[in-house]
Structures are given as structure tokens and as C-alpha cells.
Protein chains: 2
Amino acid sequence: MATRTAAQRREEARFAYDAFLRECPTNQLLGRLGDKWISLIVSALRDGPMRYSDLGRRIAGVSQKMLTQSLRSLERDGLVTRTVTPSVPVRVDYELTELGHSLSDLLFAVKTWAETHFDQVHEARERYDEEAAA
Amino acid sequence: MATRTAAQRREEARFAYDAFLRECPTNQLLGRLGDKWISLIVSALRDGPMRYSDLGRRIAGVSQKMLTQSLRSLERDGLVTRTVTPSVPVRVDYELTELGHSLSDLLFAVKTWAETHFDQVHEARERYDEEAAA
DNA sequence: CGGCATCCAACCGGATACTG
DNA sequence: CAGTATCCGGTTGGATGCCG
């Protein structure tokens, strides 16, 4: 007699599979990189360091929460450095690392694609929606 | 006497701003493109058409819901074509359009970056977390 | 085979208030 | 200035069941 039923074995397999997926490194990282704010921040930092508040102003529509959170994750992943100048008031600069720069070219390209091809996408959408209505 | 109070005017300005952001075309599109599944699907379709079920098998961890939803949005945006062959059982093929191909190179590059630089990112994370613990 | 509809838990992200 | 902390509504996305 087996120590585990078929159902149990299936459960275990499913659990291991799920765990793999959750850990699956590249997919997770890919999700991060695709993040709207991440792309915009990295693109903004392409031509030099920026202060926290400058980033907030440059990237229209970002909340402090998202800005801080995104910057933290970028720092953690070694894509940007955070430099605090203990003046009064405090000054914090963010700058792309070399690793960050290698990625920024790619994300910037995607951002540029979105801007230059938006017309075509928009037309495609109208055509699609029109057919759906008919 | 003004027909609107300052508060009202502020409200209206805020509303207009929000509306702009919601409509802000490129940001919205950028968010879509960055989507985890979108990247994986477009990358998978790079080397030729694929059937629905093949995509589901190739892209580990995607649910039918997400697969269908992503494919619909890609079709709507004119990035992929959907071809139904009314055999029994039905056969549906998805293929990148020319527009889709132009994007696929970029997204594939990002996906590749994630795969090749994951080690560095992972190391950076460990260093960051270690410092935080201290 | 290739979906669509529904339910529901989990997470995301904005608003607000407060701090060194 | 550059955050942190908390609340909470909206969206995401997996699970399930049914259909042509």
C-alpha cells in the first residue's frame, strides 16, 4: 500500500509547480521591468542623475508612494544608486548604475516605440471596435 | 461675485488633469506593453504562427483567462492576427503582424536582458537585504 | 479545441496625514 | 525636501463550470 494517495501526489506536484512559478526568476523580473513607472523612471534617468522631487515633476501622474516604491525596488535590484546629501533641507539624488544603463536603452526603445506607433495602434483599435459593433 | 468658488475651480482642474492622465495615450500603451504575459506571448510568436493551445503550453503558468485576454488585446491593437479554421475540432492560429514584429524585437530584447542579467540583479538584492538586516 | 461567464481573494495603487 | 504610515476602493487574475 502506498504511503500517499494519487490525489495527495497530485497535490504535491501542483504545489511544487506553483512554487516554481512563484520563484521563476526571469518571469518575476520581467514583470517588474515591464512596470509602467519603472520604465518611465529609468527613461527619465537616462540623461543624468535626478533629485527625488525632479523625478516626481518629470513623470506626470506618479504618486509619491509609487515613486518611492519603484525607486526602492530599482535600488534593491542594483539598477540605480541613491545618494543622500545631508544638507538642510536634505537632498537625495538618484542615478543609473552601469547595469541600469544597459537596461535603460532597451526600455527607452520600448517607450519610443509606444510613442511613435501609437497612431497605428489607435487606428487598429478603432477598426476592431467598429467591427465588433457591427 | 464669481460663479465658481476657488475650491470648485480646483476641483475642475483636478478632474481635467485626471482625465488627461487616464487618456494619456502613450503611458497607457506602455503599461500594456510591459505586461508580463504580453511580452511572453509576443516573444513566443516571434518565430512563426502558433495555435492557442500551443501558446498555453509554451508559456508556463498562464491561465486561459489571461492568455485569451492578452491575445484579444494584442489583436485589437493590431499586433497579432487571429485565424479560425472551421474544422472539427476548431483550430485557431495566432500570428504577429508587421507592426507586431517591429515590437517583438524590442520586447524580446528586454526578455533576454532579464534572463542574462538575472544573476547580477539577484546578487544586488542579496547585498541590499543583507545591509538592511544589519 | 478554443473559448466565455461568474465568483472571489489578493494585490495594487491613490489619498491623506504625519515626520526628521 | 524626502520620505513613512495607514486606510481603502478598484482592479487583477486564478479557479471553476459551461458551451459551440
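Convention: sequence-line order gives letters A, B, ...; per-chain numbering from 1. Treat the numbers as computed from the prediction; the structure is a model and nothing was measured.
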What integer distance in Å separates A:Met66:CE from D:dT11:C1'? 14 Å
Under the side-chain hydrogen bond (donor to acceptor under 3.5 Å, both in side chains) rule, collect the residues that match up with A:Arg76, sequence neighbours excluded. B:Asp129
For B:Arg32, does the CZ atom sit with more than 12 other heavy atoms under 6.0 Å from it, leaving out its own atoms? no
Can you check nucleotides 3-9 of chain C for protein contacts, nitrogen or oxygen pairs under 3.5 Å, and list what you find?
| residue | atom | partner | partner atom | Å |
| --- | --- | --- | --- | --- |
| C:dG3 | OP1 | B:Arg72 | NH2 | 3.2 |
| C:dG3 | OP1 | B:Arg82 | NE | 3.2 |
| C:dG3 | OP1 | B:Arg82 | NH2 | 2.7 |
| C:dG3 | OP2 | B:Tyr94 | OH | 2.7 |
| C:dC4 | OP1 | B:Arg72 | NH2 | 3.2 |

ring-ring contact (aromatic ring centres under 6.0 Å, His included) contacts in which one or both residues fall within residues 75-113 of chain B, not counting sequence neighbours: B:Trp113-B:His117
Between P of D:dA2 and CD of A:Gln69, the distance in whole Å: 19 Å
Test item: A:Leu106 and A:Val110 side chains (from C-beta on) under 4.5 Å apart, heavy atoms: no
Separation of B:Ile41 atom CD1 from C:dG2 atom P, in whole Å? 14 Å
Can you measure A:Asp93 atom CG to D:dA2 atom C1' for me and round it to whole angstrom units? 12 Å
A:Arg51 side chain N/O closer than 4.0 Å to the phosphate oxygens (OP1, OP2) of D:dA2? yes
Once you round it to whole Å, what is the distance between P of D:dT12 and CH2 of B:Trp37? 15 Å
For A:Leu71 and A:Ile41, the nearest pair of non-hydrogen atoms, with its separation, is CD2-CG2, 3.9 Å
Going by the rule salt bridge (Lys or Arg N to Asp or Glu O under 4.0 Å), which residues pair with A:Arg91 if we only count those two or more places apart in sequence or in a different chain? A:Asp93
Note the angle between the end axes of the helix from C:dC1-D:dG20 to C:dG20-D:dC1, five pairs defining each, rounded to 10 degrees. 50°
Looking only at heavy atoms, what is the nearest atom pair of B:Leu29 and A:Ala114, with distance? CD2-O, 3.6 Å
Could you list the residues that satisfy salt bridge (Lys or Arg N to Asp or Glu O under 4.0 Å) with A:Glu115, not counting sequence neighbours? A:Lys111
Heavy-atom donor-acceptor pair, A:Ser102 side chain to A:Leu99 backbone, under 3.5 Å: yes
Nearest-Å distance, CE (B:Met50) to C1' (C:dG2)? 17 Å
Atom pair distance, as rounded to whole Å: CG in B:Leu67 and C1' in D:dG14: 14 Å
Taking atom P of C:dG14 as reference, at what distance in whole Å does atom CG of B:Asn27 sit? 11 Å
If you compare every side-chain N and O of B:Ser63 against the phosphate oxygens of D:dG13 (OP1, OP2), does one of them come in below 4.0 Å? no
